Every structure is written in structure tokens, then in C-alpha cells.
There are 2 protein chains.
Amino acid sequence: MRMTNQREIILEELRNTTSHPTADELYLRVKERLPRISLATVYRNLEKMAELGLIQKIKTSGYQTRFDGNPNFHYHIRCIYCGKIDDLPIRPIKALEDPEHIELDGDLGGYKVVGFNLEFLGICPECMKTLNNKK
Amino acid sequence: MRMTNQREIILEELRNTTSHPTADELYLRVKERLPRISLATVYRNLEKMAELGLIQKIKTSGYQTRFDGNPNFHYHIRCIYCGKIDDLPIRPIKALEDPEHIELDGDLGGYKVVGFNLEFLGICPECMKTLNNKK
DNA sequence: TTAAATGCAAAAAGTTTGCACACGC
DNA sequence: GCGTGTGCAAACTTTTTGCATTTAA
């Protein structure tokens, strides 16, 4: 992978935030430093960097894809009200990560299991506050 | 909720398949019986029926939303090659479903956890066959 | 020097919405 | 008869792509 200025700055901005931004949020940040960059470049680079394992793509259907500058596996929690994603500091879940701990209740229909996607859902402190005020 | 003909047939077709169709796949099926139905009606009704708990909306993993005529909680597996979703007959995972079993490694950042999304990833029998033929 | 990357604009894909009309209760 | 639901088309949102030009190695 060629290290272009755009690539460097996209990665830098993503690494410098804990907010798991969407492609267009990151585009806006990067644009402050590279005013002529295009959104397509941001998409193309995030895609490539995710493939190479430099960053993580957080895909949950129905919402915009978000990106995480931390390439190490960890769990996320999504606020059901505002959609924000945060890291969740929980220990690996044995029942998922060691496939032999999965308790079957039938057969797997011929599938070979290769992994899983897990995200927690919750209410973030800000939305919780808003809810309490409404009462 | 008013029981219109469209609503009845959409629900019927969804209940009669195990294929977890997308809105447009279901639209095509329903169209055979109601040629003048519109895709918007299918979307509106699926949305409403999911809210009421008559069906499930499967939003995980950055692909098109799929729908499940079975309203009871169960796990799904998605084929990483063809995107197909099937039911996975595994027992409830204690470490997820009883929040007190979650082993924290820090604090939750003020979130109130209300649930989770989990899908397994795998290779379906058909795609497995294709892979083997290519070797 | 040259293959890979970029910017731009347009297209694609999936979903939602405004509105006039139709229909279940 | 009232108000919800429908069909249609157009809008919208997110992401991808074609192409001419630029740039890192």
C-alpha cells in the first residue's frame, strides 16, 4: 500500500478519536486539514485499511457503517436512542469465542461456523439524562 | 392495526418461508398474489409488524435488512459468501442473557445495557461446495 | 516511469416520504 | 364518515464507480 498524504491523515484522524465516526464524519474532520479531499477517497481508504487490519469496520445493518481506529478486538455498545458507539470493557465471552462451548440444540444445517458479530445495546448517559428530564 | 388485504398477505408470505427475505424479495413474492401492491407498502407494513412484535427485523452486519416471520427469539447465522441467513439452533448463551454473568474489565461508561445483537458467521453448504470445486 | 491513488460527478442501492385516492371499521 | 392505509413517484441517504489527472515509489 502506497502511503499517500490522504491515507496518512485519514488514519491519523481516526486514531486520534474515540468516537467511532462514520465515513462522512471523518471526511469532515480530514477536510479541515486537506480541504480538497473527496468523500470517495475517504471511503476507498477506510475500506482498504480495514481489509489490511489497520482499523475496524463496524457494520450493523440499518445504520451507517462506523470505523474504529483501534484494530484490536473488543466489544462495542450502541446507544439505541442516538446511535453512538462506545467501547465496552468486558472480558472475552468464552461461550462464543471457544466454539466447543456452544451448546447445540439441533444441527448446524451444514454450516461451518467461522465467527460472530456481537454488539451490545444500551442507553448512553446523555440520552438517559434527556429521558429523565422528560418525565 | 387495521387488517388490510396487503397486510394479511405480506404476513402470510413471510410466515410461509424460512428464507429470511429482504423487503424487495418479499415484495416480489407478494406481487404474485397482489400484482398492484407497491414496495413502499411492503416496507411500511414490515416496519409496523416488527414494532408490534409480529415479526423480527434482522439488522446485523451491514447488509440489507432481512425479516423473519418467526417472532420468537433465536440466533441466526449468515453465510459470509452469499449473505444468506439461516436459523441456528443453539441454546441461549448465559453469559449474554443474564447480564450479571458479564465479566467487566472496567466500567460501562455510564451506559445502561438493555440488550445485544448477535449473529454468527459461517459458510453455508452450497458455498462450501463451490469452494471445494474450485480447488 | 508507471501502477496505484485521487477528485469529481454521476450512478447505484436501499429506504422513506408527500400526496391524492381507496377502503376497513 | 373518519382516519388509517395504499400506490405512485419523487426524494433521500449512504456507498460505489468511471474516468481523466496526479503522484509515490
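These figures come from a predicted structure and were not determined experimentally. Here is how names work: the chains are called A, B, and so on, in the same order as the sequence lines, proteins then strands, and each is numbered from 1.
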Side-chain contact test, heavy atoms from C-beta onward, threshold under 4.5 Å: evaluate it for A:Leu96 versus B:Phe120 and give yes or no. yes
Regarding the side chain of B:Gln64, the nearest nucleotide among C:dT17, D:dG5, C:dT15 is C:dT15
Which residue lies more 5' along DNA chain D, comparing B:Lys48 with A:Ala23 via nearest heavy atoms: B:Lys48
Scan B:Thr65 against the nucleic acid and name what it touches under 4.0 Å (heavy atoms): base, sugar-phosphate only, or nothing. sugar-phosphate
Member of A:Ile93, A:Asp86, A:Asp87 meeting the side chain to side chain contact (heavy atoms under 4.5 Å, CB included) criterion with A:Tyr75: A:Ile93
Could you tell me how far apart A:Asp24 (CG) and D:dC12 (P) are, to the nearest whole angstrom? 17 Å
Measure the distance from CE on A:Met3 to P on C:dA5 and round it to the nearest whole Å. 10 Å
Just call it for A:Arg7: base, sugar-phosphate, or nothing, with non-hydrogen atoms closer than 4.0 Å on any strand. sugar-phosphate
Sugar-phosphate only, base, or nothing, as touched by A:Leu39 at under 4.0 Å among non-hydrogen atoms: base
Whole angstroms only, please: what is the NZ-P distance between A:Lys31 and C:dG7? 11 Å
Using whole Å, report how far OH of B:Tyr27 lies from P of D:dC8. 8 Å
Given DNA chain C, 5'-ward residue of the pair A:Pro35 and B:Thr4, judged by closest heavy atom: A:Pro35
Please give, in whole Å, the distance from C:dC21 C1' to B:Arg36 CZ? 12 Å
Return the value, rounded to whole Å, for the distance between atom CG of A:Leu34 and atom P of D:dT23. 12 Å
B:Arg29 atom CZ, neighbour heavy-atom count above 12 within 6.0 Å: no
Distance-only donor-acceptor test (3.5 Å): side chain A:Arg2, base D:dA25: no
Using a cut-off of 4.0 Å on non-hydrogen atoms, how would the nucleic acid contact of A:Asn45 be classed: base, sugar-phosphate, or nothing? sugar-phosphate
So, does A:Gln6 get its side chain near the phosphate of C:dG7, meaning an N or O under 4.0 Å from OP1 or OP2? yes
Rounding to a whole Å, what distance do you find between B:Glu47:CD and C:dT17:P? 10 Å
How many whole angstroms separate atom CD of A:Glu8 from atom P of C:dA4? 20 Å
Do we get A:Arg78 above A:Tyr63's six-membered ring, with its NZ or CZ under 6.0 Å from the centre and within 45° of the axis? yes
Which one, D:dT15, C:dC25, D:dG5, comes nearest to the side chain of A:Tyr43? D:dT15
May I have the step-by-step check of side-chain contact (heavy atoms from CB on, under 4.5 Å) for A:Ile37 and A:Ile10, ending in yes or no? CA-CA 10 Å; A:Ile37 198 171; A:Ile10 290 169; 4.1 Å; yes
For A:Arg44, report the nucleic acid contact type (base, sugar-phosphate, nothing); a contact means any heavy atom under 4.0 Å. base
